[in-house]
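Quick notes on the structure that follows.
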Number of protein chains: 4
Amino acid sequence: MSFNTFGHMFRVTTWGESHGPAIGCTVDGCPPGIALTEADIQPWMEKRKPGTSKFTTQRKEADEVRILSGVFEGRTTGTPIQLMIENTDQRSKDYGDIAQAFRPGHADITYHQKYGVRDYRGGGRSSARETASRVAAGGVARAVLAQLLPGLRITGYMVQMGPHAIDRDKMDMAEIENNPFWVPSAEVAAHWADYLDGLRKSGSSVGAVIEVVASGVPAGLGAPLYAKLDSDLAAGMMSINAVKAVEIGDGMAAAALTGVDNADEIRMGPDGPEFLSNHAGGILGGISTGQPVVCRFAVKPTSSILTPRRTINTAGEEVDLITKGRHDPCVGIRAVPVGEAMMACILLDHLLMDRGQTGGQRGTIG
Amino acid sequence: MSFNTFGHMFRVTTWGESHGPAIGCTVDGCPPGIALTEADIQPWMEKRKPGTSKFTTQRKEADEVRILSGVFEGRTTGTPIQLMIENTDQRSKDYGDIAQAFRPGHADITYHQKYGVRDYRGGGRSSARETASRVAAGGVARAVLAQLLPGLRITGYMVQMGPHAIDRDKMDMAEIENNPFWVPSAEVAAHWADYLDGLRKSGSSVGAVIEVVASGVPAGLGAPLYAKLDSDLAAGMMSINAVKAVEIGDGMAAAALTGVDNADEIRMGPDGPEFLSNHAGGILGGISTGQPVVCRFAVKPTSSILTPRRTINTAGEEVDLITKGRHDPCVGIRAVPVGEAMMACILLDHLLMDRGQTGGQRGTIG
Amino acid sequence: MSFNTFGHMFRVTTWGESHGPAIGCTVDGCPPGIALTEADIQPWMEKRKPGTSKFTTQRKEADEVRILSGVFEGRTTGTPIQLMIENTDQRSKDYGDIAQAFRPGHADITYHQKYGVRDYRGGGRSSARETASRVAAGGVARAVLAQLLPGLRITGYMVQMGPHAIDRDKMDMAEIENNPFWVPSAEVAAHWADYLDGLRKSGSSVGAVIEVVASGVPAGLGAPLYAKLDSDLAAGMMSINAVKAVEIGDGMAAAALTGVDNADEIRMGPDGPEFLSNHAGGILGGISTGQPVVCRFAVKPTSSILTPRRTINTAGEEVDLITKGRHDPCVGIRAVPVGEAMMACILLDHLLMDRGQTGGQRGTIG
Amino acid sequence: MSFNTFGHMFRVTTWGESHGPAIGCTVDGCPPGIALTEADIQPWMEKRKPGTSKFTTQRKEADEVRILSGVFEGRTTGTPIQLMIENTDQRSKDYGDIAQAFRPGHADITYHQKYGVRDYRGGGRSSARETASRVAAGGVARAVLAQLLPGLRITGYMVQMGPHAIDRDKMDMAEIENNPFWVPSAEVAAHWADYLDGLRKSGSSVGAVIEVVASGVPAGLGAPLYAKLDSDLAAGMMSINAVKAVEIGDGMAAAALTGVDNADEIRMGPDGPEFLSNHAGGILGGISTGQPVVCRFAVKPTSSILTPRRTINTAGEEVDLITKGRHDPCVGIRAVPVGEAMMACILLDHLLMDRGQTGGQRGTIG
């Protein structure tokens, strides 16, 4: 990862600001010959796009992706794929108040200090709008993975909103698509709807925890020591706006375990090794084990809120600031498809690196 | 980060296995003219080296660093610095049992599957012994930082061992150096000593949480979006052996906060902006705020334990395995200086990148 | 350099095909606060754009650059700059003949073999049309260099067309802008016009040698050993379509010199070291000396010609092929501004890397 | 390429100075399971090592390579391979004269200006001694290529010494190993021996042109546009000490050709496409054609000569300097195995990248 590019072989370079004419990304290193049209990417965009419920920003963006290069007659050519999304619903006037004052908890002040100049409209480059480009790139990665790893499944969902964590014994994955929170529980979804509605009306916001699981990942993906699969997931998820922590498998809870409890014991199954538990989250020594890869990340509450907060402006004056405009009361909701997209890109990247170095051969067992 | 190299401009490439003749690293991109001798690096090695208490592995390594290049007449020349550490206390016979069987929780099985061949002695390349090279590189980074950022302080310490977290209201930083756990509390140290002794004797091990804080970091370090300071910290810490989670600032707990509570409000101090809290851990939008940079990571329990665990071997046979040899009952202890070293390298890397892009100029406030 | 990105800190990622809807590039790592509008870039585009004389392709492209991101209120923000150029004069029907047959000397066959699929229209990704993106990026680099290195001058010109080399004793730099060949001699320009007209009418084409000189480059730019200034120039110029050789200073002729003759002797001038000759082309050990940086490259003749050539098609059938369409009889002409653009990007990249590593400080003499 | 690392997937990081205790390199990204011992590498070292004839420096170095990591029980493990070569015959006293004075034509002055400090003994980091590390890395690459591309042959030889070019119609490849110049002609070797002996005795030196040809390269290697196979060769060869120009195929001479003459016409052979000529040097559009890859580079004369040359010293005083010590009268001789090594590393790197992106599949013809 470096500046605005992530990935080693499957590399994504994103560009654009919240209120500029367009945003987008260049996907480089994509395998050739993969069937790909805008229609393959658009469904993922729909999951992330704003304005789909009262729990996300009311900004209305069609988020239509255009493929400008790298695809010919419906197939990838192996050359760079440019994906562009025009911004259509900028209301820059909403942002007059923050042109000079720094929103607490937001990147306003650090961009100002580092660069001396910034596009303050909607957060400019630091806006979560950038994540639309990631989702588009993830759509390309998914199209490739569908061909190279047909058994792969990537599923993201919310496991905590504010202080309210779900009961893991009552998770029903079939419910994920049935509610605006991508939570695997109809009951929890109802509860959270009330909770978030109250917060929103009170002029506040709240954080969340997202879990992304990839099943069907073959053993052997990952490049120790500094492109470990878990290192790359940590970097990728932490690079999403508002993320403050990343966990693999048991995550922080692993600290409380003993070595006896933490050991994922191994038996021999009909198709090879089988693990009796998955504390490791599908990664040992930075390399996938063949078990589901389990990654969680915490999203802090939206910093743009209607409750006045103390801050300063560029003149060094102390002011109280409320942030009007159209903001997500729980930005974690829309982070779900973004986390899925990062997982897709990173897994594909490692698949390509692995077949580059090892030719895809595997050490035998039994 | 890629394969065995980390860093963008200050780049560290590590090499070597636990039981090979030597390990080491190449530090590239180091600024020239910095005073540097082995004596500047060795004290950091002492903090990490094994065998210093009964709570770490009894392997005896002098961990003496030799500078083989890049330094002339006591000053760095701007060319690659090779740091070599000879392995002196290999007892490969200890590892006969794991030549064929895979230790649960360890990278044995994934290295075997990915590469088809591996140096099983002491874990080979996947051994935590590799972290000695990071500490050596961190020593170089610290020598540079001492000149470029004299006010910088990096402090690592343990905040949780197994289920036992410290009381943050009773932390005494002066105690960190006085106990084998780098814990900022004499009382807790005594308690943990008993606890860990019991675990060790029972043939088990335990996890830990480490916190690394850097104060004196200027505002403006970080390169959004994919070399954010927090992304690079997440990747760097997650790449340390046995780490399963990385947090910045409030970390996972940020999910439970409201936007009102999470806002680090800002006032104007005599030297510029002052934040009234530090939920953000010193980083907003991937760029340092000038507040202390706070990073935590969870280390899982050592996988090599004396309690038998079920596993398989390369022949696909199911076996019960106990791991003899000399192992840390809490590998998190020695992760403290490693975490500090990663922090030093990453901060220097971002300092160099920043002055490359911006010339070190800052946007003014007031 | 890697895939479709070049540069270390000032990084340019290009995308797009000859007959797609648009081409463009992302410029990442640009210093902030630099005055920049489309009007700063457009003049460089005009130098390269097709259809300006009968000696270049008759394709009519406005080559208007749009800045889609990274600039706010007329200044760079330090975030990625997206430059897009719409293709407006595609005549894909011209390319029916080469959809299946491979033009000798062209990338048709290698793209087919590597990728299995390719956009054959106008050469697709392998078309020299891609170089418009480089010129746009070079325009950004020039705007930055104008501020950081105001004394820098980059001048490209043609020194040989086919077998006709200019007489170096009669070069008149003031003539470069006065003829369609960018040759520093009115007399030679007239001669070449006749020569090229004859070739064009005969259905053939011809090669050329371009020289690009940068004066005002400070001593100390370059990063040995594998990002030497001359290595990066070699890679950059060789990556331009149809280039088959790159020379620095005396280039191939250096082989014929003795050490006595080749030594650029040094005397002390009023402002520091002065060299009595410049066989080295301004670079020693991969680092700039302060003398003019001199780079030359050879461009092979355009492969798309009207004279029938023997070839095969995708069915493996042997055919004779003539290439209709609109092609440059001497593609070297339009390579002049492209070479200048690469020089600008590479010098800026090294300037940023140097101030990153050394802080811009220089060893003193005297 | 960046700083002291070259390669994308097969990455080589070199370190060390001419008169330090050792030099070496880390080879990262090597495929696992390849048979490799020191004995596989040493023969290539012998070709490059000094003191083997009166036409190379009389420094006596055993140039024994030690493998310190990455190989277990005679096979590569896929982890970084550290190759170390101890320096044994340093005579630093020879270099007293150049501690302060800058040799014309040498990197002394630019290293001084860039870094402010340098190891002047034997040229320190800028010494051609560094190329021993490249040859060692090339030995690893060759071991891998022997398994992955058994039909590959890499042959380097000298085609010009000073003004004396060989007659290409009289080349006899069987003679290359029979003379100290690696020239494919017994007659020329005898002539050059006399010529160089005279130059050496007169206290001068001379340049050379080296050609490196790789046959058996499959079609499809190369990654346009900025990791083209020819771009990477240009960067790699230009990074060798004293190289001033790089040519692919017809190189500079391509400029003088017409499109009719330059076209490598294609016919269908029993095993696929066959080209009727090879002006392109085996590369079209940055991708290999399946024909021999032909690369040439010019090496300038050794700058360290016994004839006095005018220069300055660090105090800014004008002095006349002769360079004693042990120097090659024609450093181009020992550049032959270095050029071969770079070719081996670059071809392997592209082979790994290609199978990463495309899976090694090829578009079909016929």
Side-chain angles (χ1 to χ4, degrees), chain A residues 1-3 6 104-105 107 110 112-114 116 126 160 163 204-209 219-220 223 226-228 230-231 234-235 238-239 244-245 247-248 251-252 254-260 262-266 268 284-285 287 298 300-302 305 307 309-312 316 362-363 365-366, chain B residues 1-3 6 104-105 107 110 112-114 116 126 160 163 204-209 219-220 223 226-228 230-231 234-235 238-239 244-245 247-248 251-252 254-260 262-263 265-266 268 284-285 287 298 300-302 305 307 309-312 316 318 362-363 365-366:
Chain A
M1 299 212 169
S2 70
F3 283 51
F6 70 90
T110 53
H112 174 82
Q113 289 188 288
K114 183 179 186 74
S126 70
Q160 184 181 330
S204 191
S205 62
V206 76
V209 177
Y226 300 110
K228 283 178 171 173
D230 36 3
S231 272
M238 193 69 92
S239 75
K244 299 303 287 183
E247 301 189 314
I248 303 294
M252 293 305 294
L257 294 180
T258 64
V260 172
N262 182 63
D264 295 320
E265 295 183 298
I266 317 174
M268 201 63 192
L284 288 173
I287 303 173
K300 71 179 184 184
T302 312
I305 52 177
T307 305
R309 297 282 84 190
R310 289 176 289 176
T311 189
I312 60 174
R362 288 288 93 104
I365 295 177
Chain B
M1 299 212 168
S2 70
F3 284 50
F6 69 90
T110 53
H112 174 83
Q113 290 189 288
K114 183 179 186 75
S126 71
Q160 183 180 330
S204 192
S205 62
V206 77
V209 177
Y226 299 110
K228 283 178 171 173
D230 37 3
S231 273
M238 193 67 94
S239 75
K244 299 305 287 182
E247 300 189 314
I248 303 294
M252 295 304 294
L257 295 179
T258 64
V260 172
N262 182 63
E265 295 182 297
I266 318 174
M268 201 64 192
L284 289 173
I287 303 173
K300 71 179 184 184
T302 313
I305 53 177
T307 305
R309 298 282 83 190
R310 289 176 288 177
T311 188
I312 60 174
E318 300 190 337
R362 289 288 93 104
I365 294 177

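Naming: A, B, ... by sequence-line order, numbering from 1 per chain.
By number of non-hydrogen pairs under 4.5 angstrom with chain B, the leading residue of Lys300(A), Glu265(A), Arg362(A) is Glu265(A). Per-residue counts of heavy-atom pairs under 4.5 Å with chain A were compared for Gly285(B), Gly207(B), Ala107(B), Pro301(B); the largest is that of Pro301(B). The greatest number of non-hydrogen atom pairs below 4.5 Å with chain B, out of Ser126(A), Gly116(A), Ala234(A), Ala263(A), is found for Ala234(A). Residue with the most contacts toward chain B among Gly366(A), Gly220(A), Ala255(A), Ala298(A): Ala255(A) (heavy-atom pairs, distance under 4.5 Å). Contacts with chain B were tallied for Val206(A), Ile248(A), Asp230(A), Thr307(A); Ile248(A) has the most, counting heavy-atom pairs under 4.5 Å.
A distance-only check finds a donor-acceptor pair linking the side chain of Ser231(B) to the backbone of Ser239(A) [under 3.5 Å]. With Thr110(B) contributing its side chain and Leu284(A) its backbone, the two residues share a donor-acceptor pair below 3.5 Å.
Contacts of Thr302(B) with chain A are made by backbone atoms alone, with heavy-atom separations under 4.5 Å and no side-chain atom involved. Proximity to chain A (any heavy atom under 4.5 Å) is restricted, for Gln160(B), to the side chain, taken from C-beta onward. Interface remark: Leu257(B) contributes backbone and side-chain atoms alike to the contact with chain A (heavy atom separation under 4.5 Å). For Asp264(A), the part lying near chain B is the backbone, with the side chain staying farther off; criterion is any non-hydrogen pair under 4.5 Å. With a 4.5 angstrom heavy-atom cutoff, Ile305(A) touches chain B only via side-chain atoms. Only the side chain of Lys228(B) comes within less than 4.5 Å of a heavy atom in chain A; its backbone stays farther off.
In plain terms, the two heavy atoms of Met268(B) and Gly316(A) that are nearest each other are CG-O, 3.4 Å.
The line from CZ of Arg309(A) to CG of Asn262(B) is 10.5 Å long, rounded to the nearest 0.5 Å.
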